[in-house]
Q: 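After the structure tokens below, expect a handful of questions from me.
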Amino acid sequence: MLLSIGKSNPEIFNPFHLWPRSWSLEPAHRLLSGEWFPFWRVLGNSLVVAGGQAVLGTLLTSLAGFAFASSRSRLAILLFPVALVLIVLPVQSLAVPLFSWINQLKLINHLAGVILPGAISGLGVIWFTQIFRQLPPSLREAARLDGAGEWRVWWTLLPVIKPAMLSFALIQFILAWHQHLLPMLVLNDQPTQTLPIAISSLYGSSLRYPYAALMAASIISVVPTALLFALGYRRFKTALADVLMH
Amino acid sequence: MKRRILNSPLWLLAPFLALFAVFWLAPLIGGIDLSLHSDTLFGTPKYVGFANYRAVLDDPKFYKALRNTLTYTLACIVVIVPLATLFAEALHRCWPRFKGPLSFILLLPGLTPPAVLALLFLLVFHGRNGFLNQWFVTPFGFAPIDWLKNPTWIMPALVIQATWRWLGMMTFFLLAGRESLPRPLFEVAALETDRRWPVFLSVTIPLLRHVILFVGIYLIVDAFAMFSGAYILLGGSGGTANAGLLMINYTYQQAFTFGKFSTAAAMSLSIAPLLLLALGLGLIGGRRLKL
């Protein structure tokens with residue numbers, strides 16, 4: 001893939017030419033200058049969509065997880081399966097009715113139309129319930145004795161679960177970055193599109209575009225997730241082991 | 001009393017439940033409503049009761065898509081879970097300096113957006129000049145396989161793509177679990193036998209069953225929600241003889257290619273109980289195994 005940036009179309013279609021004969025960065029240049037789609041704008045959209053889902057999703061599901069972990073009431077026991085149902089039937093599987101609903105809410109071509117549905121994650125609720133259950137109850141009690149309300153208790157406990165929060169935000173970011181169906185339906189205008197959608201529409205009419213540009217765009221589409229993952233690698237692995245093994 | 005209610009931790013659920021109601025419950029109810037009405041492009045839709053569901057259940061293509069999705073899911077699990085378990089064990093044993101970089105390289109396909117990955121796989125699967133044919137099929141004296149046109153090979157192609165995408169991520173999950181297993185256990189096992197396979201089969205795997213179950217559920221859910229890979233590889237259709245038609249792709253096709261929104265809604269709702277049943281069975285089975 002990396003090698004293909006400099007190749008011409010016929011060279012890319014020949015799998016034995018691993019090394020390009022002549023490097024030409026011209027297609028990559030044309031891509032960045034927005035010849036086919038407003039590249040920087042689209043990249044920005046993708047970052048906003050994925051970042052928004054990660055932040056909002058982490059906050060909401062950590063609140064929910066805290067509530068489930070610290071409440072023994074019957075209502076909580078009744079509501080917890082909601083999280084399981086959400087895992088099995090994610091928002092995406094309701095894509096068709098969701099699309100008409102978002103249309104009625106007038107959120108078509110708004111990034112919020114992708115971010116808000118993406119922020120509810122059943123996985124997150126289960127993840128944070130598990131994490132908060134593992135904390136020693138004395139921490140919670142101590143905060144309560146100081147007269148803190150539940151919101152306040154949640155807020156003071158956040159620094160304690162920072163690794164788990166960052167790990168979940170990372171997962172959520174990656175999943176959001178990869179979304180295809182919903183952004184494709186909701187974000188119709190090119191300036192509002194996300195990167196994977198713009199790239200796959202670039203492919204559309206096969207040989208009109210140099211494949212090298214496609215390859216360049218593909219590489220750029222991996223960079224943010226790869227970078228985040230590389231940075232959080234160790235922390236992510238420990239948090240995963242914590243959640244999965246207990 | 002009033003103060004206790006106001007101070008209940010359940011209030012912290014409110015923001016989550018609010019979004020859940022707006023973006024999951026509302027579309028679900030909207031979808032049920034939609035599925036009970038006729039498909040009309042113009043004019044007001046008529047109430048038709050369960051006619052759309054009957055049409056879905058009479059549609060041979062629906063069963064084809066369902067069968068394809070089940071085959072795809074099962075194949076993904078059968079291929080990926082054992083491979084990932086082996087890979088995780090191998091990585092765990094390999095030289096520590098290589099462990100990080102190796103698992104990161106394995107992970108890269110899983111970090112690539114699936115739509116982009118599928119575009120690259122168009123080159124890999126190309127009918128004559130694809131990477132797979134030129135490197136692994138023709139050198140062994142076989143005729144090149146038309147991966148994306150020949151109905152026999154479409155499903156294997158989809159599974160190969162899924163394996164390529166998920167193997168690293170699942171290996172990573174299992175590796176994280178493997179590394180947190182208590183070391184003394186293995187030291188005791190090493191006193192009993194110095195062969196590796198028995199230890200792997202009767203110590204490592206049972207201890208990792210939580211993670212293996214998690215990986216299995218992850219793959220099931222992902223396989224049922226699979227859309228973009230098949231959508232791009234097969235150009236939005238189900239491929240030759242619909243050999244690669246998956247459920248979500250079929251619903252998409254019904255709604256956005258044929259304009260039959262009500263039928264599509266009925267279709268997505270009729271697989272929901274099935275999926276819930278599958279997960280329920282999985283969880284009960286898991287509890288039986290004392291997970």
Side-chain angles (χ1 to χ4, degrees), chain A residues 1 12-16 60-61 63-64 66-67 70-71 73 75-76 79 82 84-98 100-101 116-117 119-120 125 149-151 154 174 177-178 180-181 195-197 199-200 203 214 218 221-222 225-226 229-230 233 237 240-241 244-245, chain B residues 7-13 15-17 19-20 22-24 26-28 30-31 34 100 104 107-108 111-116 119-120 123 126 129-131 134-135 172-173 175-177 179-180 210-211 214 221 224-225 227-228 231-232 248 251-252 255-256 261 264-265 268 272 275-276 279:
Chain A
M1 189 157 86
I12 285 173
F13 280 110
N14 185 338
F16 290 108
L60 289 182
T61 54
L63 271 171
F66 176 78
S70 51
S71 172
S73 81
L75 195 61
L79 282 174
V82 164
L84 282 181
V85 172
L86 255 177
I87 289 190
V88 186
L89 264 186
V91 175
Q92 285 79 3
S93 61
L94 296 171
V96 173
L98 182 63
S100 5
W101 178 236
L116 294 176
I120 44 174
V125 175
E150 293 299 324
W151 293 88
W154 168 75
I174 294 175
W177 188 262
H178 289 178
H180 186 140
L181 184 54
L195 196 55
I197 315 297
I199 292 177
S200 51
Y203 175 76
L214 192 66
S218 304
S221 76
V222 190
T225 43
F229 205 94
Y233 182 75
K237 205 154 73 174
L240 258 182
L244 288 175
M245 301 301 288
Chain B
N7 205 14
S8 158
L10 285 180
W11 285 108
L12 276 67
L13 277 175
F16 180 80
L17 287 179
L19 263 198
F20 173 79
V22 175
F23 288 104
W24 194 91
L28 182 73
L34 192 65
F104 189 69
L107 265 166
L108 271 180
L111 298 175
T112 316
V116 174
L119 286 175
L120 300 178
L123 293 177
H126 190 271
N129 292 325
F131 174 81
Q134 293 287 332
W135 287 74
F172 178 74
F173 286 158
L175 182 67
E179 287 189 343
S180 70
H210 286 92
V211 191
F214 171 81
V221 173
F224 262 88
F227 169 76
S228 49
Y231 176 77
I232 287 181
I248 303 251
T251 17
Y252 175 85
F256 297 99
F261 278 84
S268 3
L275 206 55
L276 279 176
L279 190 89

Q: Give, for atom CH2 of B/Trp24 and atom CD1 of A/Ile120, the distance between the pair rounded to the nearest 0.5 Å.
A: 9.0 Å
Q: Tell me, out of A/Thr61, A/Leu63, A/Ile197, who's got the most heavy-atom pairs with chain B below 4.5 Å.
A: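 That would be A/Leu63.
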Q: Using non-hydrogen atoms and a 4.5 Å limit, figure out which bit of B/Phe20 sits close to chain A: side chain, backbone, both or neither.
A: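 When you check distances to chain A, atoms from both the backbone and side chain of B/Phe20 fall under 4.5 Å.
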Q: So which residue, B/Gly31, B/Gly30, B/Pro114, ends up with the most heavy-atom pairs under 4.5 Å with chain A?
A: B/Pro114
Q: Of the listed residues (B/Pro15, B/Ser268, B/Ala265), which shares the most heavy-atom pairs with chain A below a 4.5 Å separation?
A: B/Pro15
Q: In terms of heavy-atom proximity below 4.5 Å to chain A, should B/Phe173 be classed as side chain, backbone, both, or neither?
A: both
Q: Using a 3.5 Å distance criterion without hydrogens, assess whether the side chain of A/Thr225 forms a donor-acceptor pair with backbone atoms of B/Leu111.
A: yes
Q: Which residues pass the side-chain hydrogen bond (donor to acceptor under 3.5 Å, both in side chains) test with A/Trp154, not counting sequence neighbours?
A: A/Ser62
Q: Verify, without hydrogens or angle tests, whether A/Trp177 (side chain) and A/Pro196 (backbone) share a donor-acceptor contact under 3.5 angstrom.
A: no
Q: Test side chain to side chain contact (heavy atoms under 4.5 Å, CB included) on A/Glu150 and B/Trp11 and set out the steps.
A: CA-CA 8 Å; A/Glu150 293 299 324; B/Trp11 285 108; over 6 Å; no
Q: Is chain B contacted by the side chain of A/Leu116, its backbone, both, or neither, given a heavy-atom distance below 4.5 Å?
A: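 Both parts, backbone and side chain.
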Q: Pick from B/Ala26, B/Pro113, B/Ala255: which one has the most heavy-atom pairs with chain A under 4.5 Å?
A: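 That would be B/Pro113.
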Q: Would you say A/Ser70 and A/Phe66 make side-chain contact, with heavy atoms under 4.5 Å?
A: yes
Q: Tell me, for B/Phe261 versus chain A, whether the close heavy atoms (under 4.5 Å) come from the side chain, the backbone, both or neither.
A: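 Both parts, backbone and side chain.
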